Peer 1: 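Right, I'll just put the structure down here and ask away after.
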Amino acid sequence: MGNDWEQRKLGEIVDVCSGRDYKHLDDGVIPVYGTGGYMLSVSKPLSEKEDAIGIGRKGTIDNPFILKAPFWTVDTLFYCIPKENYDLNFVFSIYQNINWKVMDESTGVPSLSKGTINNVDVIVPVKVEQKKIGAYFTALDHLITLHQRKQEEL
């Protein structure tokens with residue numbers, strides 16, 4: 001294989017950003033997400049142009065999902081923006097394959113910290129390969145969803 005995969009820390013391939021309280025904002029069209037997904041819509045985004053991966057800081061820490069910009073996240077949800085040479089869908093596939101529950105740092109409500117996320121070792125190829133792999137897994141996810149809907153209809 002000509003293009004070698006390299007070991008990296010997640011902190012080298014994503015910027016982990018903290019969600020914030022939204023209660024000071026007016027109603028609007030920008031979706032607000034928490035660990036359970038969509039909550040409501042507000043007037044301003046936390047991330048205006050950059051898509052990200054949402055992952056719980058408190059509560060549901062093992063259910064990452066893609067956030068399409070513009071969006072806002074609450075303070076229990078980190079949003080992780082892939083750095084320049086990293087493909088969102090590929091990085092999302094990495095997030096889906098990490099056993100986040102073993103990284104739980106709490107004795108009560110499940111918790112993750114930026115440091116824990118940043119310190120996870122991952123292996124990544126060059127961006128061209130990332131795009132192909134990311135697109136493949138995205139297509140597979142859509143196919144699975146389609147089949148699940150068909151099954152529910154039957």
Side-chain angles (χ1 to χ4, degrees), residues 8-122 124 127 130-152:
R8 294 273 182 260
K9 297 277 185 201
L10 266 183
E12 296 176 75
I13 67 174
V14 296
D15 285 319
V16 182
C17 306
S18 297
R20 299 206 306 258
D21 187 24
Y22 61 89
K23 292 181 181 76
H24 63 288
L25 300 171
D26 296 326
D27 288 347
V29 296
I30 308 298
V32 175
Y33 296 97
T35 55
Y38 173 78
M39 295 169 55
L40 68 152
S41 294
V42 294
S43 56
K44 289 185 181 167
L46 257 183
S47 182
E48 193 166 352
K49 293 184 168 72
E50 297 180 289
D51 296 339
I53 299 157
I55 187 157
R57 181 182 71 81
K58 287 252 185 257
T60 308
I61 62 172
D62 62 338
N63 189 28
F65 52 95
I66 289 182
L67 298 164
K68 291 289 187 184
F71 63 84
W72 188 281
T73 64
V74 299
D75 62 357
T76 57
L77 188 71
F78 289 125
Y79 62 100
C80 306
I81 300 172
K83 293 183 181 181
E84 190 178 336
N85 288 321
Y86 298 96
D87 178 72
L88 177 75
N89 293 319
F90 177 78
V91 177
F92 179 59
S93 69
I94 289 174
Y95 269 68
Q96 290 178 298
N97 286 293
I98 293 170
N99 185 353
W100 295 106
K101 282 187 175 173
V102 301
M103 297 180 203
D104 181 4
E105 299 178 348
S106 72
T107 53
V109 178
S111 308
L112 280 177
S113 68
K114 283 185 186 184
T116 299
I117 294 170
N118 284 338
N119 222 17
V120 174
D121 287 318
V122 295
V124 295
K127 189 159 187 184
Q130 291 175 37
K131 282 189 169 298
K132 289 178 188 172
I133 294 166
Y136 177 79
F137 282 120
T138 300
L140 211 51
D141 284 342
H142 290 309
L143 194 60
I144 290 167
T145 302
L146 186 69
H147 283 286
Q148 285 171 335
R149 284 193 191 131
K150 281 185 182 177
Q151 188 178 11
E152 286 168 8

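The structure displayed is predicted, hence computed values, not measured ones.
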Peer 1: So, the side chain of Lys127 versus the backbone of Glu84: is there a donor-acceptor pair under 3.5 Å, distance only?
Peer 2: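 Yes: the side chain of Lys127 pairs with the backbone of Glu84.
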Peer 1: Can you tell me how far CZ of Arg20 sits from OG1 of Thr73, rounded to the nearest 0.5 angstrom?
Peer 2: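 Reported value, rounded in 0.5 Å steps: 9.0 Å.
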Peer 1: So which heavy atom on Gly19 is nearest to which on Leu46, and how close?
Peer 2: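 Closest heavy-atom pair between Gly19 and Leu46: CA-CD1, 3.9 Å.
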Peer 1: How long is the span from the CG atom in Leu67 to the OH atom in Tyr38, to the nearest 0.5 Å?
Peer 2: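 Answer rounded to 0.5 Å: 13.5 Å.
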Peer 1: For the ring pair Tyr33 and Tyr79, is the centre-to-centre distance below 6.0 Å?
Peer 2: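 Not under 6.0 Å, so no.
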Peer 1: If you compare all heavy atoms of Pro45 against all heavy atoms of Pro70, which two are closest, and at what distance to 0.1 Å?
Peer 2: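 Scanning both residues completely, I find the closest heavy atoms to be CB-CB, 3.7 Å.
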Peer 1: Side chain of Ser111, backbone of Val109: donor and acceptor closer than 3.5 Å?
Peer 2: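 Judged by distance alone, yes, a pair lies under 3.5 Å.
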Peer 1: If you look at every heavy atom in Gln130 and Asn85, which pair is closest and at what distance?
Peer 2: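 Heavy atoms of Gln130 and Asn85 come nearest at NE2-O, 3.4 Å.
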Peer 1: Between the main-chain N or O of Ile81 and the side-chain N or O of Glu50, is there a donor-acceptor pair closer than 3.5 Å?
Peer 2: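 It does not hold such a pair.
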Peer 1: Quick one: which of Val16, Thr35, Val14 gives a side-chain contact (heavy atoms from CB on, under 4.5 Å) with Phe78?
Peer 2: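 With Phe78 as partner, side-chain contact (heavy atoms from CB on, under 4.5 Å) holds for just one option, Val16.
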Peer 1: Distance check, rounded to the nearest 0.5 Å: Leu10 atom CG versus Lys83 atom NZ?
Peer 2: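 It comes to 10.5 Å.
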Peer 1: If you take all heavy atoms of Ile53 and Leu88, which pair is closest and at what distance?
Peer 2: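 Looks like CG1-CD1, 3.9 Å.
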Peer 1: Between atom CD1 of Ile144 and atom CZ of Arg149, what is the distance when rounded to the nearest 0.5 Å?
Peer 2: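 So the CD1 of Ile144 and the CZ of Arg149 are separated by 12.5 Å.
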Peer 1: Which atom pair, heavy atoms only, marks the closest approach of Ser43 to Leu25?
Peer 2: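 The pair with the smallest heavy-atom distance is OG-CB, 4.0 Å.
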Peer 1: Compare every heavy atom of Gly34 with every heavy atom of Val74, then report the nearest pair and how far apart it is.
Peer 2: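 Heavy-atom minimum between the residues: CG2-CA, 3.6 Å.
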Peer 1: As an exercise, state the distance from CG of Asp121 to CD1 of Ile98, rounded to the nearest 0.5 Å.
Peer 2: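 If we round to the nearest 0.5 Å, Asp121:CG and Ile98:CD1 are 10.0 Å apart.
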Peer 1: Tell me whether Glu12 contacts the main-chain N or O of Lys9 through its side chain, where contact means a donor paired with an acceptor under 3.5 Å.
Peer 2: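 Looks like yes, one N/O pair under 3.5 Å.
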Peer 1: Classify the angle between the aromatic ring planes of Tyr95 and Trp100 as parallel (below 30°), tilted (30 to 60°) or perpendicular (above 60°).
Peer 2: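 The rings of Tyr95 and Trp100 sit tilted, inter-plane angle from 30° to 60°.
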Peer 1: Just by distance, do the side chain of Thr138 and the backbone of Gly134 share a donor-acceptor pair under 3.5 Å?
Peer 2: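 Yes, because the side chain of Thr138 sits within donor-acceptor range (under 3.5 Å) of the backbone of Gly134.
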